Protein chains: 2
Amino acid sequence: MSDDSRFRGALDHILELVVLLNDDMTQSLAKEGLTVSRATLLWTLRQRGPCTQRVLAEDLGVSARTVTGLVDGLVATGFVVREPHPTDRRATLVTFTERGEATIRAQERAQGEFGRQLFAGMPAERFDGFTAGLADVLDTLHDLGLTHRPAVTA
Amino acid sequence: MSDDSRFRGALDHILELVVLLNDDMTQSLAKEGLTVSRATLLWTLRQRGPCTQRVLAEDLGVSARTVTGLVDGLVATGFVVREPHPTDRRATLVTFTERGEATIRAQERAQGEFGRQLFAGMPAERFDGFTAGLADVLDTLHDLGLTHRPAVTA
DNA sequence: TATTGTTATACTCTATAACTATA
DNA sequence: TATAGTTATAGAGTATAACAATA
């Protein structure tokens with residue numbers, strides 16, 4: 001088998017992984033009343049602490065208008081509140097509600113459990129080979145100019 | 001370092017890969033006047049040959065209404081045409097235009113090139129370790145009940 | 001004058017439900 | 001009666017541009 005077709009097979013597997021995880025994430029979040037975009041905002045908020053919508057827009061890489069919509073949705077469903085900024089009366093501080101904090105903590109636990117389910121049954125040598133190759137792939141992607149804002153990773 | 005935190009790190013890398021590839025695909029397709037959803041329909045059409053919207057809806061896992069919208073967009077931008085079904089006058093056959101075929105062939109070439117860029121510089125042993133681990137991960141995901149319709153992979 | 005966030009407007013993707021034409 | 005596809009309607013995410021309030 002040619003290298004090209006082996007590369008192509010590996011790329012296909014990566015794309016299958018992308019589709020699989022994206023669909024699963026979408027469905028799981030929907031059960032909690034969240035979308036992927038809104039959850040990404042919550043993850044950013046978790047790392048940042050209370051912050052302005054301007055900061056969220058930059059971290060998420062979306063427009064200010066989009067953040068207004070996402071925060072509107074999260075306020076309506078009770079995950080966050082808008083609080084006045086202590087020194088800048090133009091700005092608002094987006095802050096978790098108790099429900100929002102509980103939800104994000106539950107998601108962190110679920111991610112830990114998911115990691116165990118994925119890898120705990122894998123021989124150590126196999127796991128090491130996989131993570132090494134994955135790191136190489138990410139390095140190559142960065143070299144190719146693909147960058148992203150780390151909003152999902154904890 | 002605990003297994004849990006190693007698992008967590010690997011999962012974070014996978015999620016980074018997901019975000020990175022998704023963003024890159026979105027941007028590349030936008031340059032050709034396509035969205036990810038519309039391109040996915042074209043890939044399905046490439047595998048199926050001319051087919052009804054009903055078939056496309058099932059393969060893509062979306063509603064008939066959604067396919068109407070996607071095909072509307074692809075017709076307006078010149079990638080496909082609706083042709084009458086030879087035997088069933090209710091149905092339409094969605095078919096590539098020349099531009100649509102040329103686009104899909106260019107994407108296939110680009111994917112091949114992308115595979116080479118990703119893996120050609122990787123030592124054979126590293127590549128084998130990565131693909132073996134990746135296959136294990138996909139098996140585990142299937143065992144966990146995550147399935148998908150293979151619309152992206154060629 | 002510059003910045004924060006909103007309203008106004010528009011496009012895409014998604015869904016359910018009602019409807020038309022055909023099988 | 002069932003199926004293929006559309007129209008009607010709605011919600012979510014995305015964007016640009018104009019605007020208000022404040023810095």
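Proteins get letters first, then strands, A, B, ... in listed order; numbering begins at 1 in each. Note that the structure is predicted; figures quoted are calculated from it, not measured.
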How about A/R99: does its CZ atom have over 12 heavy atoms from other parts shown lying under 6.0 Å from it?
-> yes
Give the rounded distance in Å between these two atoms: CD of B/E58 and C1' of D/dG5.
-> 14 Å
Hey, does the side chain of A/T68 come within less than 4.0 Å of C/dG5's phosphate (OP1/OP2), counting only N and O?
-> no
NE2 of B/H85 versus C1' of C/dT22: gap in Å, rounded?
-> 13 Å
Could you tell me the separation between the CD atom of A/Q53 and the P atom of D/dT14, rounded to a whole number of Å?
-> 14 Å
Identify whether the distance between the nearest side-chain nitrogen and carboxylate oxygen of A/R82 and A/D72 falls below 4.0 Å.
-> yes
Out of C/dA21, C/dG5, D/dA21, whichever nucleotide has its closest atom nearest the side chain of A/R90 = D/dA21
Rounded off to whole Å, could you give me the CG-to-C1' distance for the A/L74 and D/dA12 pair?
-> 12 Å
So B/F127 and A/F7, would you call those rings parallel, tilted or perpendicular, with 30° and 60° as cut-offs?
-> perpendicular
Heavy-atom closest contact (B/V94 atom, B/L45 atom, distance) = O-CD1, 3.5 Å
Reckon B/T87 touches a base, only the sugar-phosphate, or nothing at all at heavy-atom distances under 4.0 Å?
-> sugar-phosphate
Residue-phosphate contact under 4.0 Å: B/R54 side-chain N/O, D/dA4 OP1/OP2 | yes
Roughly how many Å is it from CG in B/N22 to P in D/dT14, rounded to a whole number?
-> 11 Å
Quick one, give me the B/S/- string for nucleotides 13-19 of chain C, reading 5' to 3', where B means a protein heavy atom under 4.0 Å from the base and S means that only happens at the primed atoms, P, OP1 or OP2.
-> SBBB---
Please give, in whole Å, the distance from D/dT6 C1' to B/L56 CG?
-> 16 Å
Applying side chain to side chain contact (heavy atoms under 4.5 Å, CB included) between A/L41 and each of A/L34, A/V62, A/D59, A/L70, report the one that passes.
-> A/L70
Spacing of B/Q27 atom CD relative to D/dT14 atom C1', expressed in whole Å | 14 Å
Tell me, do B/T131 and B/F119 make a side-chain contact under 4.5 Å, heavy atoms counted?
-> no
Decide yes or no, distance alone: a donor-acceptor N/O pair under 3.5 angstrom between the base of C/dT22 and the side-chain of B/R89.
-> no
Rounded to whole Å, CG of A/L29 lies from P of D/dG11 at a distance of 21 Å
